[in-house]
Amino acid sequence: MTETSSTPSTAGDAHQAQRGRLQRLMRYLPLVAPVLLWAVPCGVLLYTGQHWPLPVALTGTALFVLGLIGMPLAMARGHGRRQQDWAAIVGDTLLGGMWVLFTWSVLLGVLLRPALTVAGVGDGQDRARIVTLGVLGVTAVLLAWGYAEARRVPRVRRVEVELPRLGAGLDGTRVVLITDTHYGPLDRARWSARVCEKVNTLEADLVCHTGDIADGTAERRRAQAAPLGTVEATRARVYVTGNHEYYSEAQGWVDLMDELGWEPLRNRHVLLERGGDTLVVAGVDDVTAESSGLAGHGADLAEALDGADPGLPVLLLAHQPKFIDRAAAHGVDLQLSGHTHGGQIWPFHYLVRLDQPALAGLTHHGARTRLYTSRGTGFWGPPFRVFAPSEITLLVLRSAS
């Protein structure tokens, strides 16, 4: 009996110790990550056999050191208590640029140099300098392209979704999804108006915004969000909060969206009726709402569906894809989410997938639940999108009959 009872305890102690080490490692990650982000490209581009003239090596090193110091300071001033937009723009741009430079320093440093060696191109110094020029060239092209991708009006992505419980009268219902607009330090009021004009060409029955409207308070970003008041839908415009609202006085955003004519679905539902059939359109607060400390905010699906006929199909708005487990447990037919940005800057999507069950597109969960995850309409932070284009989504609902 003694040996049997002590074995689980020993295993549990080992698991707790491993978890403790992981938590300590994560505590130091914000300190280590920026150093790696700047040090690795510095080493690959300057000190792996290039033998640059001393002034070139010293100038390059000084720029990397200044960046390593300046980027965190700019981000702290931009996203911290001071909320200085110019600092946020500088810090975010440096972060995105260095992520791309770091990625291709690693990839080309590992892959291109051996390829040049096998091909017999030059000597060691020649190959090292070719790698440097290759990394800088690829980075420059991707950042220019990524900036254009981030700032353009998103293309419309049309998806047909069959919902077995959807009544024939609702077949062909047009649902437009925008999400993660992230109005922020870069003034995008004109972009916002053009996005809304594009939405209005889609003749939507229902328009949904699944959160992360902006980075900043509603008072501060009102001008950029104001065009949302021009969005047209034949039945309803509905909205749920994202995690970024809870960094920026979420109730202010709920009130502003209500003022602009959108219906905030804070753990509640509305009914969409067409052709004699009915669709329950429900929404929940973001999963981070409860820990925000904001009174009355928190994701509650049971409350959102309270009073709804259980025989009716349910369309749920939830900002984060990870809510899908609760949605499937309640028999939701379709959940619409954003949050992931499709990774935004490749290969960041590998890290996103550690936290979320889906990155983009339509996925199936459980017996009948579908999840559609948008790559987002805007961008967060770094003004770049690399291999993760933004989108306005048109979902056409189809009944099984």
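The basis for the numbers below is simple: all heavy atoms, side chains too, and nothing from hydrogens, waters or symmetry mates.
With salt bridges taken as basic N to acidic carboxylate O contacts below 4.0 Å, one links Arg222 and Glu259. Between Glu162 and Arg398 there is no salt bridge, since none of the side-chain N atoms of the basic residue sits less than 4.0 Å from a carboxylate O of the acidic one. Glu149 and Arg385 are not joined by a salt bridge, as no carboxylate oxygen comes within less than 4.0 angstrom of a charged side-chain nitrogen. Looking at Arg158 and Glu391, no side-chain N of the basic residue comes within less than 4.0 Å of a carboxylate O on the acidic one, giving no salt bridge.
Here Arg370 pairs with nothing under the side chain to side chain donor-acceptor pair (under 3.5 Å) rule; sequence neighbours left out.
Defined by atom type and a distance below 3.5 Å, a donor-acceptor pair is missing between the side-chain atoms of Thr340 and Gln356. Thr61 and Tyr47 share a donor-acceptor pair across their side chains, judged by distance under 3.5 Å alone. No hydrogens or angles considered: nothing links the side chains of His319 and Glu245 as a donor-acceptor pair under 3.5 Å. Between Ser374 and His339, the side chains place no donor N or O within less than 3.5 Å of an acceptor N or O (distance only, hydrogens not considered). Side-chain N/O atoms of His365 and Asp325 include no donor and acceptor closer than 3.5 Å. For the 3.5 Å distance criterion, the side chains of Arg188 and Gln224 fail to qualify, holding no donor opposite an acceptor.
Checked by atom type and distance alone, the side chain of Trp191 pairs as donor or acceptor with a backbone atom of Arg152 at under 3.5 Å. The backbone N or O of Gly342 sits nowhere less than 3.5 Å from a side-chain atom of Gln344 that would complete a donor-acceptor pair. One N or O on the side chain of Arg127 and one on the backbone of Val121 form a donor-acceptor pair closer than 3.5 Å. A side-chain donor-acceptor contact under 3.5 Å links Arg368 to the backbone of Gly331. Ser105 contributes no side-chain N or O that, together with a main-chain N or O of Pro41, makes up a donor-acceptor pair within less than 3.5 Å. A side-chain donor-acceptor contact under 3.5 Å links Ser337 to the backbone of Ala318. Formation of a donor-acceptor pair under 3.5 Å by the Thr173 side chain with backbone atoms of Leu170 is found in this model. Under a 3.5 Å cut-off, the side chain of Arg237 and the backbone N or O of Cys208 do not form any donor-acceptor pair. Distance alone, capped at 3.5 Å, places no donor-acceptor pair between the Thr373 side chain and the Ala360 backbone. Side-chain N or O atoms of Thr201 include one that pairs as donor or acceptor with a backbone N or O of Lys198 at under 3.5 Å.
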From CA spacing to verdict: side chain to side chain contact (heavy atoms under 4.5 Å, CB included), Leu279, Val314
CA-CA 6 Å; Leu279 174 68; Val314 177; 6.0 Å; no
(message) Between Leu265 and Tyr239, does the side chain to side chain contact (heavy atoms under 4.5 Å, CB included) criterion hold? Intermediate values first, please.
(response) CA-CA 6 Å; Leu265 295 182; Tyr239 155 74; over 6 Å; no
### Message
Show, in sequence, the C-alpha distance, side-chain angles and deciding distance for Thr288 and Gln320, and conclude whether the side chain to side chain contact (heavy atoms under 4.5 Å, CB included) test is met.
### Response
CA-CA 10 Å; Thr288 62; Gln320 299 196 40; 3.9 Å; yes
Passes side-chain hydrogen bond (donor to acceptor under 3.5 Å, both in side chains), Arg375 versus Thr393? Steps please.
CA-CA 9 Å; Arg375 290 188 299 252; Thr393 317; over 6 Å; no
*asked:* Please evaluate residues Asp306 and Asn267 with respect to the criterion side chain to side chain contact (heavy atoms under 4.5 Å, CB included), reporting the C-alpha separation (whole Å), side-chain torsions for both, the decisive distance (0.1 Å), and the verdict.
replied: CA-CA 9 Å; Asp306 185 41; Asn267 302 323; over 6 Å; no
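Classification of the Tyr247-His244 ring pair by plane angle, with boundaries at 30° and 60°, yields perpendicular. Using cut-offs of 30° and 60° on the angle between ring planes, the pair Trp346 and Trp104 is tilted.
With Val238 as reference, Val281 is the one residue of Val175, Val207, Val281 to meet the side-chain contact (heavy atoms from CB on, under 4.5 Å) rule. The only option from Asp85, Asp187, Asp212 that meets the salt bridge (charged side-chain N to carboxylate O under 4.0 Å, His left out) definition with Arg221 turns out to be Asp85. A salt bridge (charged side-chain N to carboxylate O under 4.0 Å, His left out) with Arg266 is found for one member of Asp300, Asp286, Asp285 and no other, namely Asp285.
Between Trp145 and Phe387, the ring center distance clears the sub-6.0 Å criterion. Ring to ring, His341 and Phe379 are not that close: their centroids are 6.0 angstrom or more apart.
For the pair Trp253/Thr241, no side-chain contact is recorded, criterion being any heavy-atom separation below 4.5 Å from C-beta on. In this structure, the side chains of Leu394 and Arg174 come closer than 4.5 Å at one or more pairs of heavy atoms. Considering only heavy atoms from C-beta on, Val195 stays 4.5 Å or farther from Pro227 through its side chain. A heavy-atom distance below 4.5 Å is found between the side chains of Leu228 and Cys196. Counting heavy atoms from C-beta outward, Met71 and Leu37 have side chains that approach closer than 4.5 Å.
Judged by the 6.0 Å and 45° rule, Arg129 forms a cation-pi pair with Trp52.
Heavy-atom contacts from other residues, nucleotides or ligands closer than 6.0 Å to CD of Glu249 number 12 or fewer. Environment of CZ in Phe348: sparse, with no more than 12 heavy atoms of neighbouring residues, nucleotides or ligands closer than 6.0 Å. With a 6.0 Å radius and a threshold of 12 heavy atoms from other residues, nucleotides or ligands, Glu203 has its CD atom at or below the threshold. Open room surrounds CD on Glu290; 12 or fewer heavy atoms of other groups in view lie less than 6.0 Å from it.
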